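Counting starts at 1 for both ligands and their atoms, following the listed order. None of the values given here were measured: they were computed from a predicted structure.
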Amino acid sequence: MEYFRLRGIGVSPGIAIGEVSLTERVIFIERKDLISPDKIGQELGRLDKAVERTKTQLTRIKEQIKRKVGEEHSFILEAHLLMLEDKSMRSGLERIIKEENCRAEWALFCIHRKYKHLFESISDEYFRQRQSDVSDVLTKIYRNLESPDKKKKDDDREKILVAHDLLPSEAALKLSRGNVLAVAIDMGGKTSHTAILARSLNIPAVLALRNISQRVRDGDYIIVDGTDGEVIVNPPLAIRKEFFDKKEKYEDYRRELKKTAKLEPSTIDGFRFCPLANIELPEEVKPALSMGAEGIGLFRSEFIYLQSTSLPSEEDHYLIYSQIAKDAAPFPVYIRTVDIGGEKNLPQLKIEKEPNPALGLRAIRFSLRDVDLFKVQLRAILRASAFGNVRILIPMVTEIEEVVEIKMLLREVKEELSRKRQKFDENIPLGVMIEVPAAATITDLLVKEVDYLSVGTNDLIQYCLAVDRSNEFVSYLYKPLHPSVLRLVKFIIETAQRGGKEVAVCGEMAAEPLSALVLLGFGLKNFSMNPIFIPKIKKALRSVELKTVKKVVREAMNLRTAQEIEECIIEKILVKHPNAFLTGKVI
Ligand code: PEP
Ligand code: MG
């Protein structure tokens with residue numbers, strides 16, 4: 001058996017060692033079989049049956065997942081059931097059968113190809129990944145055109161799942177069985193459903209391996225290292241031993257970290273900080289709380305647009321927000337209004353192509369152009385506020401005029417709801433994200449207009465340093481510790497606090513121990529991050545004294561470069577707090 005190693009993206013940390021179980025790949029066959037016009041009715045009936053069978057299967061899987069993993073994970077199946085009922089998709093399929101006198105397989109192939117192209121043209125990775133949901137539903141219908149199902153029988157032994165791609169419903173079903181040790185897949189990225197689910201279920205996963213599904217066979221022996229993003233196939237004994245040791249160390253470390261979830265989030269000298277979670281899917285709320293999150297600091301509501309090929313209704317928004325509010329209560333939930341437009345374009349939103357999307361009609365700029373759509377979202381958030389501690393967060397604000405307009409719209413929506421006697425939190429807090437230098441420098445003016453601020457450092461760094469956050473050619477310039485970034489962030493935090501308003505950081509800076517310590521040194525209390533990083537940050541902040549960190553950060557702010565700042569922080573904090581968790585490979 002051939003020994004080789006493959007590199008991919010580690011999306012869920014941990015190490016697993018075991019036998020391969022290869023998942024068969026479903027391919028839409030590109031063949032247009034014609035039928036006579038008098039058979040069209042029969043073909044439409046065949047499509048109907050396939051849709052019905054798919055509905056029954058999805059409902060069964062949904063129930064199974066609800067029972068075995070919990071209600072929150074069955075949400076994706078709910079979305080697929082809705083997609084099955086989507087009239088535009090269904091009428092598209094029927095139209096092709098009728099107009100082209102062809103079999104349903106060809107119609108499914110065409111619609112699948114159309115969506116694939118649409119989604120591939122989206123540059124935002126998270127949105128692009130949602131193609132898999134549409135693909136999932138269409139594939140299931142395709143499979144169900146033939147009955148009975150000729151699927152490979154799964155056995156119950158513990159295995160490492162290898163596949164070309166996993167449809168979201170397949171991922172939910174297979175990963176929830178409890179016999180998957182790890183996942184290794186050709187496709188996918190950090191924000192694919194498989195990645196999110198694997199993280200929530202603590203299953204090590206490496207995605208984007210390109211061709212692993214063609215290079216391994218059932219029964220091959222492999223190691224999946226989800227921490228380092230590597231897969232080792234048929235390793236020799238010495239390497240197996242090395243990884244067994246690594247696995248043990250990782251598990252000790254993980255147990256140690258997990259304990260911090262229950263510990264008080266405070267520094268040695270008693271400063272209480274608040275770890276919050278950034279999430280994209282409602283099913284992430286409960287796992288986030290179990291990691292020690294004390295609320296949802298950022299719900300990226302854009303994902304709702306990906307659950308359907310048509311525009312989500314107020315009810316769609318409302319159901320999701322109220323579920324999150326209930327699951328997180330009594331902790332707060334900051335619902336960010338959609339951050340789409342610009343490069344996060346979507347087929348159902350007719351946005352023109354822009355020459356410079358990062359500086360274009362994005363986020364709140366898009367919402368204020370399409371006020372009706374924005375009001376739908378505001379109404380849904382307000383209605384959900386009746387169920388918990390819900391707050392509104394506005395992305396990419398640049399000027400006071402925007403806030404004034406948002407407040408006016410919010411007032412209008414509140415009045416409409418009151419007239420209809422619908423319940424909502426009359427005093428729902430409103431906050432803005434500080435993501436562009438223009439907003440940062442008028443923090444003193446903005447705080448007077450809103451209830452809180454949240455610093456989106458991912459974008460703030462991009463706009464402050466003029467470095468595209470997803471362009472690897474300039475990534476060497478993307479420096480969170482650049483003195484210019486730190487001066488801005490320090491100014492925002494101090495100004496908000498002076499104005500008596502709450503402030504959080506919800507960019508990646510809050511999830512990195514070194515920069516989190518700098519933020520602590522600026523007096524930051526609220527750290528919002530991907531939930532898997534919460535234990536690590538909690539451990540880092542719990543092992544230091546605020547007084548010392550403040551002093552060191554004050555000194556570091558006199559330095560000239562990101563590197564000098566980094567070295568100063570590491571050196572001076574480690575001297576005082578040798579246990580500060582600053583370095584080393586972590587999850
Ligand atoms: C940010 O910009 O820091 C942020 C949290 O928003 P997003 O990453 O969704 O742009
Ligand atoms: Mg942002």
Practice problem: Could you pull out, from Ile434, Asn458, Leu393, Val455, the option with a heavy atom nearest to atom 1 (C) of ligand 1? | Solution: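 Going through Ile434, Asn458, Leu393, Val455 one by one, Asn458 has the nearest heavy atom to atom 1 (C) of ligand 1.
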Self-check item: N/O separation below 3.5 Å, Glu302 to ligand 1
Solution: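 Not met; the criterion fails.
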Heavy-atom closest contact ([X] atom, [Y] atom, distance):
X      : Y      : result
Leu488 : Leu460 : CD1-CD1, 4.2 Å
Thr398 : Ala438 : O-CB, 4.0 Å
Ala440 : Ile492 : CB-CD1, 3.7 Å

Quiz item: For Arg336, is the nearest heavy atom under 4.0 Å from an atom of ligand 1?
Solution: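 Contact present.
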Exercise. Answer with yes or no whether Glu508 contacts ligand 1, where contact means a heavy atom under 4.0 Å from a ligand atom.
Key: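 No, Glu508 has no heavy atoms under 4.0 Å from ligand 1.
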Quiz item: Does Lys538 reach the main-chain N or O of Thr260 with its side chain, forming a donor-acceptor pair under 3.5 Å?
Solution: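 Side chain of Lys538 to backbone of Thr260: a pair is present.
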Practice problem: Kindly say whether Ile203 contributes a backbone atom to a donor-acceptor pair with the side chain of Ser12 at under 3.5 angstrom? | Solution: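 Answer holds: yes.
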How does [X] reach ligand 1, if at all, at less than 4.0 Å between non-hydrogen atoms: by side chain, backbone, both, or neither?
X      : answer
Arg469 : side chain
Leu298 : side chain
Glu280 : neither

Pull out every atom of ligand 1 sitting under 4.0 Å from any heavy atom of [X], numbered as shown with elements.
X      : result
Cys506 : 5 (C)
Arg362 : 10 (O)
Gly456 : 1 (C), 2 (O), 3 (O)
Gly507 : 3 (O)

Quiz prompt | Inter-residue atom distance Leu382.CG - Gln377.CD, 0.5 Å rounding | solution =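 Reported to 0.5 Å precision, the distance equals 11.0 Å.
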Quiz item: When rounded to the nearest 0.5 angstrom, what is the spacing between CD1 in Ile296 and OH in Tyr334?
Solution: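 If I round to the nearest 0.5 Å, the distance is 11.5 Å.
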Quiz item: What N/O/S atom of Asp459 gets nearest to the Mg ion (ligand 2)?
Solution: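 In Asp459, the heteroatom (N, O or S) nearest the Mg ion (ligand 2) is OD2.
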Exercise. Measuring from the Mg ion (ligand 2), name the closest N, O or S atom belonging to Glu435.
Key: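 The Mg ion (ligand 2) is closest to the Glu435 atom OE2, counting only N, O or S.
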Exercise. Begin with the C-alpha distance, continue with both residues' side-chain angles, and end with the deciding distance and a verdict on side chain to side chain donor-acceptor pair (under 3.5 Å) for Asn278 and Ser528.
Key: CA-CA 6 Å; Asn278 295 350; Ser528 194; 2.6 Å; yes
Self-check item: Passing candidate, side-chain hydrogen bond (donor to acceptor under 3.5 Å, both in side chains) with Lys407, options Glu402, Glu412, Glu449
Solution: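 For Lys407, the side-chain hydrogen bond (donor to acceptor under 3.5 Å, both in side chains) check succeeds only for Glu449.
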